[in-house]
Amino acid sequence: MGEREGEGEGEAVLFPFMAQGHIIPFIALAIELEKRKKYKKITIVNTCLNIKKIRSAIPENSSISLAEIPFNPAHHGLPPNTENTDNIPYNLVIRLIEASTTLKPAFTQLLLNIISQHKRKLIIIADIFFGWTASVAKELAVFHVIFSGCAGYGLACYYSLWLNLPHRHLHLQSNHQHFSLPDFPEARPIHLTQLPANISEADGTDAWSLFQQKNLTDWAYSDGLLFNTVQDLDSIGLAYFKRKLGLPAWPIGPLLLSAGSRGKGGGINPKLCTEWLNSKPSKSVLFVCFGSMNTISAPQMMQLGKALERSGKNFVWVVRPPIGFDINSEFRDEWLPLGFVERVRESGKGFIVHDWAPQVEILSHFAVSAFLSHCGWNSVLESLSAGVPLLGWPMAAEQFYNCKLLEEELGICVEVARGKSCEVKHEDIVAKIDLVMNETNEGIMMRKKAGDVRDLIRDAVTVRDEDGFKGSSVRAMDDFLSAAHSSNKLH
Ligand SMILES: *[C@@H]1O[C@H](CO)[C@@H](O)[C@H](O)[C@H]1NC(C)=O
Ligand SMILES: *[C@@H]1O[C@H](CO)[C@@H](O)[C@H](O)[C@H]1NC(C)=O
Ligand SMILES: *[C@@H]1O[C@H](CO)[C@@H](O)[C@H](O)[C@H]1NC(C)=O
Ligand SMILES: *[C@@H]1O[C@H](CO)[C@@H](O)[C@H](O)[C@H]1NC(C)=O
């Protein structure tokens with residue numbers, strides 16, 4: 001791998017932040033760029049342990065190359081071998097984020113080597129947490145874009161919240177729990193419970209605020225923004241960035257990785273799952289999964305178990321140990337209602353999967369009707385690409401605003417709960433499952449709209465030779481590549 005080179009000229013250097021949720025869309029983007037054949041070489045840069053993981057996720061026939069830059073976690077007060085947010089406690093995440101800015105000299109040197117050795121035109125595609133790479137690119141006169149694996153809408157809320165901290169100006173004595181975003185009024189008001197912990201606690205002087213406020217504003221030195229999204233789904237968020245930064249925002253999604261490349265292979269045999277789904281009527285199954293990194297609290301898990309049973313619906317549930325237990329430890333049936341596992345097995349109503357399930361295959365199966373999800377953007381794109389409406393249970397980061405977009409703007413989602421510690425009642429969950437899955441007016445409408453969104457996504461990635469039609473995402477990618485090509489940057 002990495003020895004062969006592609007057909008175009010120039011080299012694209014991709015630099016994702018060290019977290020699986022960031023790395024996956026970057027790999028999907030690298031594969032898409034390879035298909036476009038515009039670059040002679042496509043390189044993904046990261047630290048040693050992450051490079052190992054990325055290598056195993058890249059298809060064998062790919063010519064994408066990998067470049068390592070040195071990083072010593074111990075120098076930053078991080079435990080040994082922690083180069084990725086996925087295996088460190090949340091309170092150390094900010095330390096890893098701060099530590100990542102020390103990659104600057106090594107990253108700069110790597111670019112200088114490419115420039116001096118190959119005399120190729122370069123482009124840099126960097127993570128939303130790597131705003132500092134924009135100033136490096138500017139100094140070296142290299143074309144630079146930020147690539148967001150998140151939707152424009154979710155990221156716009158996140159960006160605006162960090163820069164303005166509007167909840168700090170709420171009058172605490174009044175009962176106002178809602179506030180608007182001062183520079184993003186198109187988004188409807190946000191509730192205090194829709195803030196991730198670190199924004200809710202931020203006061204402008206803490207480590208998170210200092211990092212975000214400096215590094216997010218550095219995007220202004222970039223030449224544009226790429227989003228893993230689709231124009232017609234996400235026009236409000238994309239417009240925010242165009243207005244705010246005066247930069248082009250190119251929606252080139254959905255970029256999705258096939259299951260084999262997702263890194264996780266444990267869990268169940270995909271065939272067993274498909275066989276089980278084959279035995280169920282069309283649009284009768286609820287799929288429940290909170291993404292590969294999340295879980296819920298023990299009481300929430302009990303209530304969700306009760307709700308699934310009471311609803312009487314068929315379900316596939318990907319379970320992981322609740323909060324407070326090692327997420328990679330063996331699952332214990334005692335975390336579910338008494339006798340749940342046996343009853344579900346006997347009735348044939350549910351299929352319980354430990355740890356990992358073939359999500360794309362499940363969502364595109366005819367038997368699946370709805371998806372109870374944490375609303376991570378990769379999961380949302382997978383659901384919408386299959387025309388499956390959602391029940392949202394956002395937990396962290398911009399997931400709250402993805403859920404908001406799906407519910408308020410697109411009408412294809414109902415929020416079930418918010419966060420990892422909120423109180424949930426099984427009766428309420430059942431009512432929402434019924435709302436989306438039953439033959440009620442709302443349910444029918446929501447499923448119809450989800451089908452429309454699927455068609456819209458298909459259109460966005462369509463290229464038709466007969467009449468020369470190109471979908472919005474194809475055109476956005478064309479525009480981006482041509483902007484990079486024709487830029488008057490030196491390298
Ligand atoms: C690799 O193989 C897959 C599946 O056969 C194909 O779709 C893809 O275009 C190939 N990629 C390259 C770079 O040849
Ligand atoms: C971020 O969140 C973690 C866990 O909730 C907390 O320990 C840490 O203090 C927070 N940091 C800031 C700056 O609020
Ligand atoms: C990004 O944040 C880090 C840590 O707070 C800070 O040291 C650095 O100066 C910031 N980078 C830029 C380019 O502002
Ligand atoms: C939804 O359908 C189930 C069975 O098909 C039924 O028991 C339940 O009462 C329905 N709920 C609503 C809100 O219509």
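Note that ligands are numbered from 1 as they come in the structure, with each ligand's atoms numbered from 1 the same way. The first residue of the sequence shown is numbered 1, and numbering continues consecutively from there.
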Residue pair Gln109 / Asn113, side-chain donor-acceptor N/O under 3.5 Å: yes
Could you tell me which atoms of ligand 4, counted from 1 in the order shown, lie closer than 4.0 angstrom to a heavy atom of Asn438? 1 (C), 2 (O), 3 (C), 8 (C), 10 (C), 11 (N), 12 (C), 14 (O)
One line per pair, note the atom names and distance for all nitrogen or oxygen contacts under 3.5 Å between ligand 3 and the protein.
| from | atom 1 | to | atom 2 | distance (Å) |
| --- | --- | --- | --- | --- |
| ligand 3 | 2 (O) | Asn215 | ND2 | 2.3 |
| ligand 3 | 11 (N) | Asn215 | OD1 | 3.1 |

For Asp434 and ligand 4, does the shortest N/O to N/O distance drop below 3.5 Å? yes
Please tell me whether Asp203 and Ser209 have a donor and an acceptor in their side chains that are separated by less than 3.5 angstrom. no
Could you see which bit of Lys35 sits under 4.0 Å from ligand 1, with heavy atoms only: side chain, backbone, both or neither? neither
Does His144 have its ring centroid less than 6.0 Å away from the ring centroid of Tyr221? no
Just jot down the ligand 1 atoms closer than 4.0 angstrom to any heavy atom of Glu34, in number order. 13 (C)
Would you call Glu342-Arg345 a salt bridge at under 4.0 Å N-O? no
Quickly, which of Phe15, Phe130, Phe147, Phe129 forms a ring-ring contact (aromatic ring centres under 6.0 Å, His included) with His22? Name it, please. Phe129
In a check of side chain to side chain contact (heavy atoms under 4.5 Å, CB included) between Tyr401 and each of Leu161, Leu181, Leu155, which one passes? Leu161
So, Lys244 and Asp183, do they make that salt bridge, N to O below 4.0 Å? yes
Report yes if Asn61 has an N/O atom closer than 3.5 Å to an N/O atom of ligand 1; otherwise report no. yes
Would you please indicate if the ring centroids of Tyr159 and Phe241 are separated by under 6.0 Å? yes
